[in-house]
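Please read the structure below before turning to the comments.
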Amino acid sequence: MSDYCELEVTTNFTFLTGASHPEEYVRTASDLGYESVAITDTDSVGGLVRAHVVACEVGIRLICGVRLRLQMEYGVLEVLVYPTDLASWGGLCRLLTLGRCRAGKGECELYLQDLIHHHVGLLAVVAAWEGGDVEAFCSLERLRSVFDDDRLSLAVHRHFGGEDDVRSAARVAMAARAEVPPVVTNNVQFHKPQRRRLHDVLACVRMHCTLDEAGTRLVPNSEQHLKSAGDMATLFADLPCAVSRSSEIADRVASGFSLSHIRYAPPRDNCPRGDDEDAHLRTLTDRGLRHRYPHGVPDCVADQVERELSLIAELGYASYFLTVHDIVCFARRRRILCQGRGSAANSAVCWALSITAVDPERGNLLFERFLSRERGEPPDIDIDFEHERREEVIQYIYGKYGRDRAALCATTITYRWRSAIRDVGRVFGLSMDVVERLAKEGASSAQGRGVVDLAVEVAGWLRGFPRHRSQHVGGFVITESALESMVPIEIAAMEDRTVIEWDKDDIEALGILKIDVLGLGMLTCIRRCLDEIPADPPLSIATIPPEDSAVYDMCCRADTVGVFQIESRAQMAMLPRMRPRCFYDLVVEIALVRPGPIQGGMVHPYLRRREGTEAISYPNDAVRSVLERTLGVPIFQEQAMRLAMVAGGFSADKAEHLRRAMGAWKRRPDTMRQIGAELVEGMRARGYEPDFIDRCWKQIHGFSEYGFPESHSASFALLVYASAWLKCHHPAAFACALLNSQPMGFYAPAQIVRCAKEHGVEVRPIDVNHSVIGCTLEDSDGPHPALRLGLRMVRGLSRDDASSVCAAVADLGEVLDLWSLRSRGVGPGALRAMARADAFGSLSLERQAALWEITLIERGTLPLFPVEGARKGPAETRLPEVTLRHQVVQDYCATGLSLKAHPISFMRTWLEARGAVTAGALNAMETPLSGERPRRVAAGGLVLVRQQPHSAKGMVFMTIEDETGIVNIVMGPNVYRRCRAAVRLCPAVIVYGVLQRRGEVVHLKAEVIAEAAPSIGDALHHAVSVHSWR
Amino acid sequence: MYTALSIFLPTWPTDLVARKLRRQCTESEPPPILVERRVGQRRIVAAACAQCRFRGARPGMALAEAEELLAPSHAHTVLADPAGDAAALRALAIWMRRFCPLVELDSPDGLRLDIRGCGHLFGGDALLLENLREDLRRIRVAAVVVAAATFAKAWGIARFGGSDFDRTQCDELPIAALGLDGGVEEACDEVAIETVAQLKAIPRIELAARFGDAVLTRLDAWSGAEPELPIDGRAPEDRIRAEQVFDGPVRDLETVQLVVWQLAGEIAESLAARQRGAEQLDLHLGRVDRPDWNWSFRMTRASHDVAHFRTVLRDRVDRVDVASGVETVSVCVTRNAVLSPRQRTAWIKRDPNRVGRARAALEDLLRTRCGRDRVLTRCLVDTHVPECADGFQEKTAATSGSTVDASSLRADEVDRPTRIVLPRRIEVRLPCAETAGWVRGNRLRWWVIEAVGPERLETPWWIPGRDWQSRDYWRLLRDDGQWLWVYRCDGRWFLQGAWL
């Protein structure tokens, strides 16, 4: 039966050609009863690992192969190659690396010579060629002279193309003349005949034409699908040897090589020669522990470390930890702030090595969440660095290990619904507005209109197909031996970056370790702030005094603009209710206020229990020990795991299995259901109340995808506390650092400055004589230094221009005159940008006067003889007077903020005439008691933020700001629909609605929203960014 | 009084679209209209009708934004056609000649008229303006018509003031009314100079030092201190044309024919003198009490053959209605090409070019008589489906003389029968090793010795409504040596062709 094996299969990893996923081919082959199936993509091994995983699952052998396109003088020669052992796999990877690095991003350039150099151990099948048969025959002979030991074959195809007999006879004859055995393949492009439609569409996308225009460039029939062995045998009844040769080749390959033979070895550079790695790791860990606990290591920590070290030694991951430690040491030497995140913070060894910052004594670590025996998976450590200096770390890694041993892993960009329907719609020739409507509204808006239906169906198949490869954000793969012998490397679009062909799921499946080098804006900000604070010894995150109640007071007031993680609108609404008073409260706060927990019904029970309105009860002590610190509500992934272990009787590894099922529940709902059933069964067997079981299960299910690991939350909470402490005690330095680290965070500079002012910081305007590029601190009489805004806040001033201005000012000492700046080489464009930002105050030149002067400077050189009266001052020139309103609007246009007044203050009369109150008054209003009529109010302000979260059932949230403060607005979907124009497009609005108060949190539930003061609003349109959707 | 007239057409592109829509469907009011243009991938509103502006849509906005503002009503969106708009504006300018001869385009959305001395024909300048406004309203073109002392002022008032603007407030108009270039406007805006009066208040020396003389020129034109260039109302004269104006209206078709005959002769002579051939002819008849009659004809080949002109023109003029009277006839060559004289061959009786010329003349005649797009030629269509592999396309100058090039066929082209017929239902038994096969059909009965195939073709699946078929084609050899082409679809056999 299985006398045939399909050797030529193109998957969708040959972008825009193959029309099926690798997994689909493997499953179809298994259904058809094949023992093995090959995957041969063009110049790429990208799809092999996915196929391999599925092949192991269904019990079929995967033949790894690649279709090489060799450039010849007469055209292209396509040869399929299959490695027969690990060494030849390495040779194949080196060959592909050579081709890809030669050609540049996305392309591959290979010649016959290259194949001949790397031929050892490879089986080859010559599949197709352009040009005439004579030239191909010569190439065949050359290959035969190199591929000895019966390693070469010639492919024969029959696709019912009309000339089948003639063509296949010609091939067989050529094979006989060249003394190369023929072999039968089907040049498979899709796994079942119906997919031919997608294949046609992909061909049209590739050729940039519509289906009608494509004509004969499409295949004439659907024969290029995966056929059964019986069909192929019947089709080639006259060539039984060629048919059976395919399975011979398959056996030869499958018995020698499989992807599971690939062995990854982490680099051994970080261990002194001759030392044992585990011993070295132990030494470093002990040193680290002594450093962390100068007064003696606590027993629990010491036990934990011991357990972890023995597990690491057993699994052989010591070099991995040493590598990560080396990177972190480099960062610390260069004074780059870094911190581990994610599940790695569960490890005490990582704590000892200063990779992570969560103290095992304070936190509750579950090491199995990070590394466990039965998982059989490598550990994955993610580290955040300062986002502006991450490049230094990346270059260090490349420099130390070389580009042949270190590379980033890839990400496959796949088709989403919108891009799929756009491409498919264009190919079908649908008009643009139909396509746009389908793209926005999804598949359901098509209503059985023939062509549109077909297009929607095909686009549905196209969803999830790979489009192209891109580099991963920061996942590094570092090996001991040459990386290119394990996987091909290619050049990425970004300069100086090399990328491997597999993505992070692939390398995880093969047991290859990666280190994520990520960037975090808040770390940059914290470091800048710490640099500004004069303290001896210099302050660091670790030496910030913990548990400062003033900091927690500030958080309870929701005064958290700029603080890491808790500055968003949702967080600020939650803080006054949560009232965090200790570090662990911050840990919970971060994890709780996200879409998942709200949907899973965790937030409100927790709040109620915290406020004391609901009683807390535990079925037994075991459960109490797990859920006590979160008041009986499971919030973290570790708690779900521990709950399963304690209440459901799961082992640690099975609990890990549960967590992974939770993470993938959308993709594999049956796994989740099955494990869920086991858990419920286990809990019932142990005698828990059905009510409790039900609630637990619902909560666990609710946060499947969004739940945080506790360690991750704890790592972030450290940064939250640090940034909050800095904001509380050093607001000027904090604001300065925030402004200099833009763009980052949730708020615009205008809000940061307003907040700094509220904390008593004097903010000084941009001035040519006092400002440098970044914001700086200056001495002042108040408790905090004054904040001087920097040239980076001037819109339209490039970095180079700003540097030239600073250089000119430094040269002159003090600038008295615009002409002197001009003569020192500052361009008129730069002068104009600064004049717009009113930066010449110290020259006694107001904005208007400065601009008037600059129009003269822009004309070019000074006239030879000074023209009388050409340089009069503005008063003599009788320029019209500029109102304060005009000035504020121009401030906003030039820098995005104004220190003179708030734009809304000019609308105050207009607003009051319509019954609006100030934000300060609104936030202090009393709400009527329940039973009385609700209180109707109106407020107006600049729109800061608009939000329409997916999980909020169509509710839209907005924040508006006026000269006294901010107001939070909530509106239902009806109101949004009615007032859509005003909400979406107006920079300033007036809102009429009902006042709602919950403790300290005040919301205005909107009923009508309209544009405020259109005459002023128009001017603001350009100044304030209207597209501030989050 | 005021003799510089400026007409501003604020919604010209959308008015044209509205006219087209009204012509197609006379009952209902046209929907809101947006004109879009593409800038790269983005679609931007180029013009919006009054209804759209009322709802907030503005030119320069993204199309999606404008459509949202108009929701729930749908706007009719059209792609911008600046060439068409300009041509229509030219036609409007010509139509304006009924009010005064000196009309100039002020593109892209305005006209300038000098009405000195024309007022008395209408009973006064005010009545002339009244008539003008009434006529524009009648043809449903939104327009602002303003008369002022200088053209610059009229331009500014029309765009920024409105029809009934108080002239004493002229200087309070924004400086954009001066028509200065964008950089100057921006620079003035930044120093809070907003009105013309404020600009005038600045000493001239300072303005000149900062913005150059252009600003001073515009200010002088505004106030009338410097005279403006007069309007030149003549049409460009570089065309070859011949014209005949009658003393009174002629109602006789034969006379008109005769005149056209003569004019064609004149045209051909001037063409021959310049060694050029006409590619496009325009015939214009000015009629009394009826709109003028224009006809423009594109030749297949450039020629100056007078007989050909006459034949073509006569054929068309035959069908014109001249009952009301014709006052002028003019023939004009709008496009011409170089036509150098070619030596006729001396020794061969037949002139190889004659056939080409005669065929071109025939095509012109057919096109005149039957319609421009009714003359077609055969072409090959690139498709797998055999019965769709040929088609028709319009015969234009580009396709004249082209035949299917043998070398353009693919090298591995499969063998197709010399004759293809519509599929005819038959019954077939394929030959196998021992027995011969046969073909049976309506009065057909043949023995079949050999069969070659199958070749599987599938009809296009992306055309809904058409049945999708998977056909297996076979080539059958009859016992008398002829090859047949048959296919099997869903178990039924059809005959589709034969090799002859």
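Below, each value reflects all heavy atoms present in this structure, side chains not excepted, and no hydrogens, waters or symmetry copies. Proteins get letters first, then strands, A, B, ... in listed order; numbering begins at 1 in each.
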Checking [X] against chain A: side chain, backbone, both or neither under 4.5 Å from a heavy atom?
| X | result |
| --- | --- |
| B/Pro454 | both |
| B/Ala208 | backbone |
| B/Arg55 | neither |
| B/Arg471 | neither |

Could you tell me which portion of [X] (side chain, backbone, both or neither) has an atom closer than 4.5 angstrom to a non-hydrogen atom of chain B?
| X | answer |
| --- | --- |
| A/Ser222 | both |
| A/Leu218 | both |
| A/Asp200 | side chain |
| A/Ala214 | backbone |

Most chain B-contacting option - heavy-atom pairs closer than 4.5 Å, from A/Asp212, A/Thr883, A/Val458: A/Asp212
Contact leader toward chain B among A/Glu436, A/Glu213, A/Arg832, where contacts are heavy-atom pairs under 4.5 Å: A/Arg832
Atom pair [atom1] ([X]) and [atom2] ([Y]), whose distance is rounded to the nearest 0.5 Å:
| X | Y | atom1 | atom2 | result |
| --- | --- | --- | --- | --- |
| B/Leu477 | B/Trp499 | CG | CH2 | 11.0 Å |
| A/Glu846 | A/Leu851 | CD | CG | 11.0 Å |
| A/Leu202 | A/Asp423 | CG | CG | 9.0 Å |

A/Trp852 six-ring centre to B/Arg210 NZ/CZ under 6.0 Å and within 45° of normal: yes
Close side-chain approach of B/Ser470 to B/Arg456, heavy-atom, < 4.5 Å: yes
Residues in salt bridge (Lys or Arg N to Asp or Glu O under 4.0 Å) contact with A/Arg836, at least two apart in sequence or another chain: B/Glu186, B/Glu190
Flag, side chain of A/Asn221 to backbone of B/Leu457, donor-acceptor distance under 3.5 Å: no
